[in-house]
There are 2 protein chains.
Amino acid sequence: MGEETDATLRERLVTAGGHLTRQRCAVYSYLRRARQHPTAEEVYLGVKKEMPRISLATVYKNLEALVNCGLATKVTAGDGAARYDIRTDHHYHSRCLKCGWMVDLDPEAEGALPELVRVPSNFEVSQYRIEVLGFCSDCREG
Amino acid sequence: MGEETDATLRERLVTAGGHLTRQRCAVYSYLRRARQHPTAEEVYLGVKKEMPRISLATVYKNLEALVNCGLATKVTAGDGAARYDIRTDHHYHSRCLKCGWMVDLDPEAEGALPELVRVPSNFEVSQYRIEVLGFCSDCREG
DNA sequence: ATTCTTGCAAAAGATTTGCAAACAA
DNA sequence: TTGTTTGCAAATCTTTTGCAAGAAT
């Protein structure tokens, strides 16, 4: 993993009162390289290849630490296991109903929510999520 | 429970190859009367009051049966247990980050999704979900 | 009669926790 | 040194499943 990446990770961790460990670097590195949004189990299996003694509990704890210091997002797809996303900026997701493939979607326009949904005035909105469900290019053919 | 309600339930169940049982009526009735979107556990505890020998497994099976015959929706909030919603039409949800309170939101305008999100053209959209997160009127004060 | 459903207990899957040893600051 | 993290096993929580007995069609 790159040294500036380690530095960023260390800075965020230290600010949150944490330590920079080999396991934490490995989890963060795996997440950065992941093509998809992996589950904790997938991160575990991936990191295990280079660090055979790491435990699944450690992976869970480290993923939580990354989320807590703002370096990752937990995406709960609803079905099965939670997934982790290296992106932390405001964006949405599409998910294939057949294979579960999850893709990031970029906001097209900001502040358009009120036109789409009527939110009660006594509810204080802090964020919103959009999930688009359907079939990816591979699955719509098969 | 009202007789027309039973008749609707029976019709849907029979169409799907199922039976109308006391337990199923009770679960459906509870869901209709629920002020919030209850978890399976909450439905179980509620129905148990009038039907002490019902089992949690039966409640799970019956909630699934209701979803399958189009009389309820399963709402997976991400955290903890799934919740069940008697509404089956297209609508959204808001959820309080403090107390978990979930409220139905009505669509303000249809077909506005493309203005909000850029979905890849090779993805076949079948539905989308919007979840508004924040704080309900009770929790923004406390 | 036949098929579906119930209730129970056990199983399964995902995530969390307690704790002593190891590590980072 | 002091406080945090690791790895392991056990525990927890939610949901599912197998099966014999019971209920609905």
Report yes if a side-chain nitrogen or oxygen of B/Arg53 is closer than 4.0 Å to either non-bridging phosphate oxygen (OP1 or OP2) of C/dT6; otherwise report no.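 B/Arg53 to C/dT6 OP1/OP2: no side-chain N or O under 4.0 Å.
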Is A/Gln23 near enough to C/dC23 that one of its side-chain N or O atoms lies under 4.0 angstrom from OP1 or OP2?
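No, outside the criterion.
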- What is the distance from CD of A/Glu42 to C1' of C/dA14, rounded to the nearest Å?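 Rounded to whole Å, this separation is 13 Å.
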Practice task
Could you check how far NZ of A/Lys48 sits from C1' of D/dT6, rounded to whole Å?
Solution key: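 Computing the A/Lys48:NZ to D/dT6:C1' distance gives 14 Å.
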For B/Val14, give me all partners under side chain to side chain contact (heavy atoms under 4.5 Å, CB included), at least two apart in sequence or on another chain.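 With sequence neighbours excluded, B/Val14 shows a side chain to side chain contact (heavy atoms under 4.5 Å, CB included) to B/Arg10, given in chain and number order.
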Among residues at least two apart in sequence or on other chains, which ones pass salt bridge (charged side-chain N to carboxylate O under 4.0 Å, His left out) with A/Glu11?
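Checked A/Glu11 against salt bridge (charged side-chain N to carboxylate O under 4.0 Å, His left out); zero matches.
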Length of the CG-P vector between A/Leu9 and D/dT5, whole Å: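 My rounded result for the distance is 12 Å.
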Next item on the list: Step through the shown structure and confirm whether more than 12 heavy atoms of other residues, nucleotides or ligands are within 6.0 Å of CD on B/Gln127.
Entry: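 Yes - once you tally the heavy atoms of other residues, nucleotides and ligands closer than 6.0 Å, there are more than 12.
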Pairs involving residues 60-75 of chain B, ordered by first then second residue, that meet side-chain hydrogen bond (donor to acceptor under 3.5 Å, both in side chains) (sequence neighbours left out):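 side-chain hydrogen bond (donor to acceptor under 3.5 Å, both in side chains) check on residues 60-75 of chain B returns B/Arg24-B/Asn62.
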Residues clustered with A/Leu133, ILVMFWY side-chain links under 4.5 angstrom: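 Once heavy-atom contacts under 4.5 Å are chained together, A/Leu133 belongs with A/Leu97, A/Phe135.
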Using a strict heavy-atom distance below 4.0 Å, which residues from residues 54-69 of chain B are in contact with DNA chain D?
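Residues of residues 54-69 of chain B under 4.0 Å from DNA chain D: B/Leu56, B/Ala57, B/Tyr60, B/Lys61.
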Using nucleotides 21-25 of chain D, report all nitrogen or oxygen pairs with the protein that are shorter than 3.5 Å.
from   : atom 1 : to      : atom 2 : distance (Å)
D/dT25 : OP1    : B/Arg10 : NH2    : 3.1
D/dT25 : OP1    : B/Leu20 : N      : 3.3
D/dT25 : OP2    : B/Arg10 : NH2    : 3.0

Separation of D/dT4 C1' from A/Leu13 CG (nearest whole Å):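 Interatomic distance, CG of A/Leu13 to C1' of D/dT4: 11 Å.
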Per the ring pair (Phe, Tyr, Trp, His ring centres under 6.0 Å) rule, what does the pair list look like for residues 91-110 of chain A, sequence neighbours excluded?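 Pairs touching residues 91-110 of chain A that pass the test: A/His37-A/His93, A/His90-A/Tyr92, A/His91-A/His93.
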| said: For B/Gln23, give me all partners under side-chain hydrogen bond (donor to acceptor under 3.5 Å, both in side chains), at least two apart in sequence or on another chain. | reply: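 B/Gln23 satisfies side-chain hydrogen bond (donor to acceptor under 3.5 Å, both in side chains) with no residue once adjacent residues are dropped.
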message: B/Asp106: which residues meet the salt bridge (charged side-chain N to carboxylate O under 4.0 Å, His left out) condition with it, sequence neighbours left out?
response: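 Partners of B/Asp106 under the salt bridge (charged side-chain N to carboxylate O under 4.0 Å, His left out) test: B/Arg87.
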### Query
Rounded to whole angstrom units, what separation is found between the CE atom of A/Met51 and the C1' atom of D/dT5?
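Whole-Å distance recorded here is 13 Å.
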Notebook entry, point to check: Is a donor on one side and an acceptor on the other found under 3.5 Å between the side chain of B/Arg118 and the backbone of A/Leu105?
Noted result: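 Flag not set: sc B/Arg118 to bb A/Leu105 has no pair under 3.5 Å.
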For A/Thr58, check side-chain hydrogen bond (donor to acceptor under 3.5 Å, both in side chains) against everything at least two apart and list the hits.
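Only A/Ser55 meet the side-chain hydrogen bond (donor to acceptor under 3.5 Å, both in side chains) criterion with A/Thr58.
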Net bend of the helix from C/dA1-D/dT25 to C/dA25-D/dT1, end axes of five pairs each, nearest 10 degrees:
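Both end axes considered, the difference amounts to 40°.
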Once salt bridge (charged side-chain N to carboxylate O under 4.0 Å, His left out) is applied, do any residues pair with A/Glu131, and if so which ones, sequence neighbours excluded?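 If we apply the salt bridge (charged side-chain N to carboxylate O under 4.0 Å, His left out) test to A/Glu131, skipping adjacent residues, the hits are A/Arg95, B/Arg129.
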Check: To the nearest angstrom, how far is A/Arg24 atom CZ from C/dA24 atom P?
Finding: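 Those two atoms, CZ and P, are 11 Å apart.
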